Chemist: 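Have a look at this one before I ask anything.
Values in this document were obtained by computation on a predicted structure and should not be read as measured data. These values consider heavy atoms only, across backbone and side chains, with no hydrogens, waters or symmetry-generated copies. We count residues from 1, following the sequence as given.
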Amino acid sequence: MARPTEEDSPLMYSSFIPPRRVKIGDAAAFVGTTPRAIRHYHEIGLLPEPERGGDDRRRYGYEDMIRLLWIRKMADAGIALDDIRAAFADTASAGADGDGDGEIAGILERVEETLVAQEAELQRQRTAVQRMRTEGSRMGLLSDFVTSRLKSLPEGSLRQADLDNMLVIERIFGPLGAAVNATRYIALATHPELREESDRVDAAEEALDDTVAVDDPRVAQVAAQRHAFEKALEAVIEDSGLAEKDDALFDAWDALHPPTDDEGADETGHSSEREPGSMSAWEATMKMPYDWSPARLRCIELTEELAMSS
């Protein structure tokens, strides 16, 4: 069975236009919580109040959703909301390069003491906490299947944006999808020249904001740059043997999670396992806002066309 590629992602199909901002109900559904919980986060200062629409209702953007996902992951690990708030405050005071590990380590130590006493009931939470302490960063909040894929990387080679993306991918496509997506960041982390080119293309795409017309020549130029970069990245992945490791990932996943009669296999032919209460990839994609301008959406469409024709 062929490995899924980035072009297979629902985010790459031109017929999919995700919202730029979503209402509190959609935000809660995507994250796996309730509107009431999100309102409580606002009340206690854990989550800043977002912008409101013309109907005076809250609207949540990409950064809001990232924070909500981290809050849910930490709460699922048994961390109290007050401690989560302290961890975020510590992260902010540490600056862009800090991740508040000192504060989080102390919090996790207290949590683990509680979990040991309730080990039978809280085994899942204890495992999540131990993994986070081992990794020393938010990477430990991702599933073990993902973190094990990244353990060989040098410390500090992954960026927060990389972890953010894998967090979203894990929510939409599950641990296997995020582990396969991690291949991209392994290649970038181990090839500085590729990372530099990735940054350049990312910056060019971000420059396609609302001031750029859809038919502006820059849109097609950036699409061509993105297409060329993705081909170069794919070549590096193939040449470095990362593709073979991806194949081994599928085998390892199937060994750990054989499909049951009720569950069956997903569209790739492999068993699927999602978080409790999670949605289909389609539902999740349409509830996750991406702040893309019309010009950037057109750039994605043109990139897809180039990929299909090459």
Side-chain angles (χ1 to χ4, degrees), residues 6 9-13 16-53 55-77 79 81 84-85 87-89 91-92 96 99-100 128 132 137-143 146 158-175 177-178 181-182 185 202 205-206 209-210 274-293 296-297 300:
E6 194 163 285
S9 168
L11 301 182
M12 295 300 295
Y13 292 155
F16 288 17
I17 304 179
R20 300 179 69 172
R21 306 187 76 81
V22 297
K23 297 179 181 178
I24 191 170
D26 287 337
F30 179 85
V31 173
T33 186
T34 64
R36 181 179 179 180
I38 294 178
R39 293 188 188 98
H40 182 61
Y41 298 160
H42 292 312
E43 291 172 1
I44 65 175
L46 183 56
L47 181 70
E49 279 280 350
E51 297 178 9
R52 291 179 179 264
D55 57 359
D56 200 37
R57 294 183 177 180
R58 296 179 179 91
R59 294 293 190 276
Y60 296 82
Y62 180 80
E63 295 300 328
D64 299 314
M65 300 294 274
I66 290 294
R67 187 162 180 132
L68 279 169
L69 284 170
W70 285 125
I71 291 170
R72 179 177 180 243
K73 283 286 187 179
M74 296 176 81
D76 282 353
I79 303 174
L81 294 182
I84 296 175
R85 181 174 56 197
F88 275 117
T91 299
D99 60 3
M132 187 177 177
S137 73
R138 292 184 182 181
M139 189 172 77
L141 284 171
L142 298 172
S143 70
V146 178
L158 283 176
R159 299 177 179 177
Q160 184 60 50
D162 301 339
L163 294 174
D164 288 345
N165 185 65
M166 281 185 281
L167 177 74
V168 174
I169 295 296
E170 183 178 291
R171 178 59 180 163
I172 295 176
F173 297 106
N181 180 261
Y185 299 105
D202 287 346
E205 287 182 338
E206 290 174 4
D209 55 24
D210 287 317
R274 299 183 182 278
E275 298 179 20
S278 65
M279 301 157 283
S280 69
W282 163 265
E283 291 173 318
T285 298
M286 297 310 293
K287 291 184 184 300
M288 182 65 186
Y290 290 85
D291 193 15
W292 292 334
S293 67
R296 188 163 182 178
L297 285 169
I300 293 173

Chemist: Would you confirm whether Arg57, through its side chain, and Lys23, through its main-chain N or O, come within 3.5 Å as a donor-acceptor pair?
Modeler: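 Pair absent, no side-chain N/O of Arg57 close to backbone of Lys23.
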Chemist: State whether the side chain of Asn165 and the backbone N or O of Asp162 hold a donor-acceptor pair below 3.5 Å, judged by distance alone.
Modeler: no
Chemist: For a quick test of reading the model, state the closest non-hydrogen atom pair linking Ile172 to Ala284 and the distance between them.
Modeler: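 Of all heavy-atom pairs spanning Ile172 and Ala284, the closest is CG1-CB, 3.9 Å.
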Chemist: Could you grab the distance from atom CZ of Arg21 to atom CE of Met65, nearest 0.5 Å is fine?
Modeler: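 Result: 11.0 Å between the selected atoms.
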Chemist: Would you call Leu167 and Lys73 a side-chain contact if the rule is heavy atoms closer than 4.5 Å?
Modeler: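 Of all side-chain heavy-atom pairs linking Lys73 with Leu167, at least one is under 4.5 Å.
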Chemist: If only atom types and distance count, is the side chain of Arg85 paired as donor or acceptor with the main-chain N or O of Ile44 below 3.5 Å?
Modeler: yes
Chemist: Between Arg39 and Ile24, what is the shortest heavy-atom contact and its length?
Modeler: CG-CD1, 3.8 Å
Chemist: Would the distance check show the side chain of Glu170 and the main-chain N or O of Ser143 forming a donor-acceptor pair, the cut-off being under 3.5 Å?
Modeler: yes
Chemist: Roughly how far apart are Ile71 CD1 and Leu46 CG, rounded to 0.5 Å?
Modeler: 3.5 Å
Chemist: First locate atom CZ of Arg296, then atom OG of Ser293, and finally report the distance between them rounded to the nearest 0.5 Å.
Modeler: 7.5 Å
Chemist: Return the minimal non-hydrogen interatomic distance between Ala75 and Ile84, and the atom names on each side.
Modeler: N-CD1, 3.7 Å
Chemist: Side-chain contact, heavy-atom cut-off 4.5 Å: Val146 with Asn181?
Modeler: no
Chemist: Using a 4.5 Å cut-off on heavy atoms from C-beta on, say whether the side chain of Trp292 contacts that of Ile300.
Modeler: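 Yes, close enough: below the 4.5 Å cut-off.
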Chemist: Are any of the side-chain heavy atoms of Asp164 and Trp70 separated by less than 4.5 Å?
Modeler: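 Sidechains of Trp70 and Asp164: in contact.
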Chemist: I need the Met288 CE to Asp26 CG distance, nearest 0.5 Å.
Modeler: 12.5 Å
Chemist: Heavy-atom distance under 4.5 Å between the side chains of Arg59 and Arg52, does that happen here?
Modeler: no
Chemist: Is there a side-chain contact (heavy atoms from CB on, under 4.5 Å) between Leu69 and Phe30? Walk through the geometry before answering.
Modeler: CA-CA 9 Å; Leu69 284 170; Phe30 179 85; 3.8 Å; yes
Chemist: Mind checking what makes ring pair (Phe, Tyr, Trp, His ring centres under 6.0 Å) contact with Tyr60, not counting sequence neighbours?
Modeler: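 Applying ring pair (Phe, Tyr, Trp, His ring centres under 6.0 Å) to Tyr60 gives His42.
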Chemist: Looking at OH of Tyr41 and CG of Leu68, how far apart are the two atoms once the value is rounded to the nearest 0.5 Å?
Modeler: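 Spacing of OH (Tyr41) from CG (Leu68) equals 7.5 Å.
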Chemist: Determine the minimum heavy-atom distance between Thr34 and Ala28, stating which atoms define it.
Modeler: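 Result for this residue pair: C-CB, 3.6 Å.
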Chemist: Distance check, rounded to the nearest 0.5 Å: His40 atom NE2 versus Leu47 atom CG?
Modeler: 12.0 Å
Chemist: Heavy atoms only: give me the nearest Gly25-Pro35 pair and the separation to one decimal.
Modeler: CA-CG, 4.2 Å
